[in-house]
Amino acid sequence: MSKKKQFEIVTIFPETVAPYIEASILGRAQKDNLIQIQAHDLRNWTQDKHRTVDDTPYGGGAGMVMKVEPFDKAVEDLRGKGTTRVIVTSASGKTFTQEDAKRLSEYDQLIFLCGRYEGIDHRVQEHIADEALSIGNYVLTGGELPALVMTDAIARLVPGVIEAESLEQESHDQQGYLEYPQYTKPSTYKDWEVPEVLLSGDHKKIHDWRTEQSERND
Ligand code: SAM
């Protein structure tokens, strides 16, 4: 049996992670031992009695910046024996895509570092993380949602997490197609009709229609 894929989410709000995971298909995948998603409290890697994770920025300016040392120690402790990729969540990082999800799904372990406040001491990106990823051109209050978004997109590509067939014709596949529109029963709701071709039973016509729709979305 292949090793289960590990996702480590390092955050000062570890309690935000489990509710989403447990309520989703990823919870089942964890129970089936296909993946393991763990949230870790960054404060476990602080040394002082106040468990300080932030400090004022060098050069002045508003707000607080997260310190390098707790992240460094966390990664040191969490890094496993197999292949690991360390990702720092950052609004100014490269935008995460489906291609990144596929690429990252090849690693045995992913460690996500979540910022808060004004962000993280840049040395984390320079010396600890392998890459900095953003989930879009907007600024969130923390890296937990980005880490969860990326974990979700990557974990569903792990064999067995969802039906292989569902992954075959999805949006953002290798050819860059988007998925064709999907419909289910009833065929008429109010006066909103399902496209007739889908009710025809003619598989060739249905296939052609879907291909055309995917290309139109391209
Ligand atoms: N001062 C930073 C800037 O202007 O880019 C924003 C810091 S943000 C308030 C705090 C943390 O949220 C960041 O360190 C990062 O971990 C996370 N974050 C916010 N927006 C993000 C995004 N679009 N993608 C990934 N992470 C994000």
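By convention here, the first residue in the shown sequence is residue 1. Numbering of ligands and ligand atoms starts at 1, following listing order.
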Using only heavy-atom distances, determine whether the side chains of [X] and [Y] contain a donor-acceptor pair under 3.5 Å.
{"X": "Gln36", "Y": "Gln30", "result": "no"}
{"X": "Thr16", "Y": "Glu144", "result": "no"}
{"X": "Thr211", "Y": "Asp208", "result": "no"}

Describe, in one word, how the ring planes of Phe112 and Phe7 are oriented to each other, choosing from parallel (under 30°), tilted (30 to 60°) and perpendicular (over 60°).
-> parallel
Above 12 or not: heavy atoms from other molecules or residues under 6.0 Å from CZ of Arg123?
-> no
Please list, by chain and number, the protein residues whose heavy atoms come under 4.0 Å of ligand 1.
-> Thr89, Ser90, Ala91, Gly115, Arg116, Tyr117, Glu118, Gly119, Leu133, Ser134, Ile135, Gly136, Tyr138, Val139, Leu140, Thr141, Gly142, Gly143, Pro146
Looking only at non-hydrogen atoms, find the nearest pair between Ser214 and Tyr180 and report the distance.
-> OG-N, 3.7 Å
